[in-house]
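When a residue number appears, it is its place in the shown sequence, counting from 1. Side chains included, hydrogens not; waters and symmetry mates left out as well; all remaining heavy atoms used. Ligands are counted one by one from 1 in listed order, and the atoms in each one are counted from 1 as well.
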Amino acid sequence: MIRVFSNSEELSLAAAEAFCAIARDATAARGRCMVVLAGGSSPRRLYELLATQPYRNRVEWHCVEFFWGDERAVSPDHQDSNFRMAREILLERLAIPQRHIHRIQAERDDRDAAARDYQDEIARAFGVSASGTPPMFDVVLLGMGADGHTASLFPGTEAIAETQRWVVSHHVLALAVARTTMTPRILNAAYYVLFLVAGRDKAETLAQVLEGPRDPQRLPSQMIQPTSGALAWFVDRPAAANLKTAYSSEGQSRDPGR
Ligand code: 6PG
């Protein structure tokens, strides 16, 4: 489903509503809510909203556990750290206990070991085997870059084609940086994947991702197609500028049945 909002504030408010509903349902059904957070600027306002009323009181935060879809190769207190952003504007404000915060240790020298350890940590938190089928996160938040990447699945990188591992670390040539990222295999296992996309600079790419031919090597966001879960795109009007279909804020389904 695709929902288009008049501006990024409306988008963030709707995302906060959606998050609270997902968390309530997950907690009622499974006694907890396993969340994958996104980095980048798009989810910032959502995180701020969730930490303040009325949203703050709508979630049983002691039942929520936090993971990250990707991380930059920096220390956890670095200004570029996805963990730091979430810690400062969401986790600290909600006093989330350490045992429910599962960060990627992407600052380690051996990043491959850190990626493998993160897979083990996910498995432990869910009580499943790290060599089996990936567990189902209750909600995965994702952003999309103007080049079509999501999480740290960048165009033309091997991480896109990874079919076994849940987490990999790789060098992103285009940015000349190392990134650690969840793979499509585990992201697509989620109950609910929510993309947040805002800004005019995303318009051309978003139209290609949603309405263009399938080309995931060039547009990795197209890899995100939950196996049995739901997929929602929350988009602001500037980002939706090049879409051929006129979507409302109520949302229309591209895929009947979803
Ligand atoms: C990151 C991300 C990344 C991000 C997109 C969109 O670590 O940067 O997780 O995938 O979501 O690049 O970023 P913006 O929201 O800043 O446009």
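Near ligand 1, residues Gly39, Gly40, Ser41, Ser42, Asp70, Arg72, Asn82, Gly143, Met144, Gly145, His149, Thr150, Ala151, Arg179, Lys202 come within 4.0 angstrom through at least one heavy atom.
The aromatic rings of Phe154 and His170 sit tilted, their planes meeting at an angle between 30° and 60°.
Thr180 has its side chain out of reach of Trp68: every pair of non-hydrogen atoms, C-beta onward, lies at least 4.5 Å apart.
Geometric assessment of Arg58 against the ring of Phe19 yields a negative cation-pi assignment under the 6.0 Å and 45° thresholds.
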Report the C-alpha distance between Glu9 and Arg45 in whole Å, list the side-chain angles of each, state the deciding distance to 0.1 Å, and finish with yes or no for salt bridge (charged side-chain N to carboxylate O under 4.0 Å, His left out). CA-CA 8 Å; Glu9 181 66 10; Arg45 180 66 181 138; 2.8 Å; yes
Run the numbers on Asp110 and Arg116 for salt bridge (charged side-chain N to carboxylate O under 4.0 Å, His left out), then give the verdict. CA-CA 10 Å; Asp110 189 343; Arg116 291 177 189 279; over 6 Å; no
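Between the CH2 atom in Trp61 and the CD1 atom in Ile96 there is a gap of 6.5 Å [rounded to 0.5 Å].
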